[in-house]
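One-based numbering along the sequence shown. Counting starts at 1 for both ligands and their atoms, following the listed order.
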Amino acid sequence: MKINPINTNQGSYKGKIGNTGALVMKKELIFLGPPACGKGTQTNRLSEFLGLPHIDTGSLLRAEIAKESEEGKTAKSFIDKGLLVPVTLVAKIIKNKLASKECENGYVLDGFPRSLEQAQQLEEINKEVDGDKKASFKAIYFDIDPQILLERIIYRQSCPQCGEIYNKKFKPSKVEDECDKCHVPLKTRADDNAEVAKSRFDTYFEQTAPLVEFYEKKGVLTKLDAMGSIEEVWQRLLKIING
Ligand code: AMP
């Protein structure tokens, strides 16, 4: 079995008594960074490694769109333009998730918060859900040169089953357009085109980037150098998580 230095329970993160006899504290991890900075790939892997749920607002919203729910219809009109979906809609989805049993030992939250208003909402949700339970909160910022990101977006593909992310140019699947693990056809996101991507970058710099300073002032932010290969970034991320 692979030895996981964090998860003393090995296999699944029960979050109760590890083999040290110590109580494992709830881990609340959030991730910031521009579109296509590598958060999706790394947080997917981290969630598996820690045995904590990967909560990804973009995927949750795309699932609502696929279901053709009222929320999905509203979300689509914003996502198609590269704009943030209204905070009330996202907060409702997130609150249900974070209050659910699967998050009782913590979460790997990817894509929320994306504005100061959402950051305040998250604080309220955590306060309400955690009560007097102790939790460790960390914000990890993927620091990367945005110049290289447009190509990552327009060549990006992902597996609809396992969420693995590929890139036709930089990380192609072994068989073209097919997931290496699940062998199902890969998908390209509707908003992964040059025009919408530009708008997503504008939205990021206007509304999400100020969160770096917000969390820095609170003393909970760690900057991760997100330039380099997936493996290099993963090793740096592990150091942060273990630190
Ligand atoms: P992502 O998969 O994280 O790149 O998100 C895709 C799109 O979903 C974004 O461009 C937004 O339109 C929408 N979205 C995702 N997360 C949020 C959020 N926290 N608040 C508002 N809109 C969001």
Are any of the side-chain heavy atoms of E151 and N167 separated by less than 4.5 Å?
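Side chain of E151 against side chain of N167, heavy atoms only: no contact under 4.5 Å found.
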
Salt bridge check: are [X] and [Y] linked by an N-O gap of less than 4.0 Å?
X: E28; Y: K26; result: yes
X: E176; Y: K168; result: yes
X: R45; Y: E231; result: yes

Ring centres of F112 and F31 under 6.0 Å apart?
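No; F31 has its ring centre 6.0 Å or more from that of F112.
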
Neighbouring protein residues of ligand 1 - any heavy atom closer than 4.0 Å
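Ligand 1 is contacted, at a heavy-atom distance under 4.0 Å, by T57, G58, L61, R62, I79, L83, L84, V85, V90, G111, F112, R114, Q118, R189, D191, R200.
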
Does K217 make a cation-pi contact with Y215 (under 6.0 Å, within 45 degrees of the axis)?
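No.
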
